[in-house]
Amino acid sequence: MKSFAALAAAGCLMLLMLTTAAIHAQQRYAFVVGAEDYSPEFFRHLDYAEEDAVALSERLRTLGFHVTRMTGDESNPDYKPTDPATILAALDGMLKGIEQGDTLVVALSGHGVQFSDEPLTPDGVRESYFCPEKAKLDNKATLLPIYKDLLTRIKKCPATRKLVLIDACRNEMLSPAGQKSVPRIKLEAVHENFRKVPAGMAVLFSCGGKERSWEHRELGHSVFSKFVLNYLEGKADSVLYDEGQPAIDGLVRYVRLNTHKYVREKITPSGQLPELRGDGDSWPIGPAPHPPTITSRIGLTLNLIPAGEFQMGSPPTETDREEDELQHPVRITKPFYLGKFEVTQGEYQRVMGVNPSWFSSAGGGKDEVSGLSTSRFPVEQVSWYDGGVLQQAEPVGWVCPYYTLSGVEQRG
């Protein structure tokens with residue numbers, strides 16, 4: 001019996017290990033940087049780099065990614081992209097938790113430069129630099145080397161699937177003061193002569209040689225980032241998805257075609273054609289995007305509430321404000337579906353078998369609704385506990401607000 005018990009225990013342990021490995025293999029991580037508030041000594045201010053980073057972070061969260069985001073608007077100074085050391089420290093902190101089988105996406109949105117008089121590295125490439133917000137062209141220590149420091153770290157990372165998005169060849173990069181420095185600082189775009197990247201990763205640059213990466217007011221984003229977002233949101237043709245899932249080859253095809261077309265038609269005839277470097281093998285980036293609207297089994301219309309952040313509460317100046325309405329940030333860590341309309345008495349009764357409403361034909365306020373059909377009236381008199389039972393009975397239609405927010409994390 002002991003040997004049987006030992007065998008059973010070993011079998012259970014093996015099953016647990018396999019299950020744990022299978023769960024871990026699904027882990028996805030993203031590191032997203034948006035830098036736009038530059039010193040006018042060298043660089044022009046960008047309009048939408050932070051918007052690009054925020055929107056991409058939220059989209060990736062809906063696809064199951066654990067996201068580390070750096071923008072100038074972050075409250076924690078450790079997540080502001082001010083200098084290379086701060087960016088690399090945040091990246092290193094995230095990379096420590098990644099294991100073989102994981103997926104890694106790294107995205108940079110901001111200014112980027114390459115010095116045309118700089119010698120090639122031993123790997124045969126000319127170093128390219130991402131510009132943190134405190135970057136200075138006359139001090140390379142303030143610039144982040146993309147090849148030596150960023151891509152080398154990603155190469156060493158044990159993740160099985162790696163994608164890098166670099167949107168850093170901006171039009172009108174230099175400020176008026178910076179333009180005066182150009183004669184003594186010979187610059188090229190970050191992808192010039194960048195014909196090689198470390199093995200095991202795909203790097204998608206926002207444009208090709210001699211081109212610039214454009215922002216556009218109509219989009220509220222850079223053109224490249226907007227079409228990356230469109231693809232990840234499921235807005236491309238279905239043939240560009242792998243069984244409904246966003247994948248590398250579909251992303252590259254969609255972003256290249258639509259970025260180039262948009263820039264040619266709206267901005268400049270020369271266009272903007274993103275270029276892929278490195279590993280061209282395709283793999284799924286994440287699960288199929290959540291549809292924006294679904295219908296539950298009893299006919300409830302539910303709208304997708306994406307992951308993201310918002311300010312809960314009201315400002316002190318608001319009329320009739322209560323003392324407990326202090327504004328504070330709330331993060332929705334997971335997307336969820338919320339009913340478009342109030343749950344009706346009829347819908348509640350179909351699930352629960354009872355109608356607790358005061359304003360119903362059998363309720364305490366029946367005289368006030370005498371002769372009216374109340375099945376389409378909103379259900380009321382529903383307690384916290386009733387909502388929990390309802391959610392278990394109708395799990396697709398999370399109709400009680402107490403239970404829809406299980407992925408919400410309040411901070412502050």
Open item on the list: Just to verify, what does Leu232 make a side-chain contact (heavy atoms from CB on, under 4.5 Å) with, not counting sequence neighbours?
Closed with: Leu56, Arg59, Leu60, Leu63, Val228, Pro246, Ile285
TODO: Mind jotting down which residue pairs meet the side-chain hydrogen bond (donor to acceptor under 3.5 Å, both in side chains) criterion with at least one end in residues 241-255? Sequence neighbours excluded, please.
DONE: Asp249-Ser282
TODO: Scan side-chain atoms only and decide if Ser360 and Ser357 contain a donor-acceptor pair under the 3.5 Å cut-off.
DONE: no
Task: side chain to side chain donor-acceptor pair (under 3.5 Å) against Asp83, all qualifying residues, sequence neighbours excluded - done: Thr86
- [ ] Could you pull out all residues at least two apart from Tyr38 that satisfy ring-ring contact (aromatic ring centres under 6.0 Å, His included)?
- [x] Phe43, His111
Open item on the list: Test of understanding: with side-chain contact (heavy atoms from CB on, under 4.5 Å), list the residues that count as partners of Lys261, not counting sequence neighbours.
Closed with: Glu265
Task: Residues forming a side chain to side chain donor-acceptor pair (under 3.5 Å) with Thr268, sequence neighbours excluded - done: Ser270
Task: Rounded distance (nearest 0.5 Å) linking atom OG of Ser109 with atom CG of Leu165 - done: 10.0 Å
Open item on the list: Arg153: which residues meet the side chain to side chain donor-acceptor pair (under 3.5 Å) condition with it, sequence neighbours left out?
Closed with: Asp92
Task: side chain to side chain donor-acceptor pair (under 3.5 Å) partners for Lys155, two or more places apart - done: none
TODO: Please check if any side-chain donor atom of Tyr48 sits under 3.5 Å from a side-chain acceptor atom of His216, or the reverse.
DONE: no
TODO: Examine distances only and state if a side-chain atom of Arg161 and a backbone atom of Gly101 form a donor-acceptor pair shorter than 3.5 Å.
DONE: yes
Task: Contact list for residues 218-241, test salt bridge (charged side-chain N to carboxylate O under 4.0 Å, His left out), sequence neighbours left out - done: Glu218-Lys266, Glu233-Lys235
Task: Residues in side-chain contact (heavy atoms from CB on, under 4.5 Å) contact with Pro84, at least two apart in sequence or another chain - done: Pro132, Leu144
- [ ] Could you list all the salt bridge (charged side-chain N to carboxylate O under 4.0 Å, His left out) pairs where at least one residue sits in residues 312-326, not counting sequence neighbours?
- [x] none
TODO: Could I get the full list of side-chain contact (heavy atoms from CB on, under 4.5 Å) partners for Leu304, not counting sequence neighbours?
DONE: His290, Pro335, Tyr337
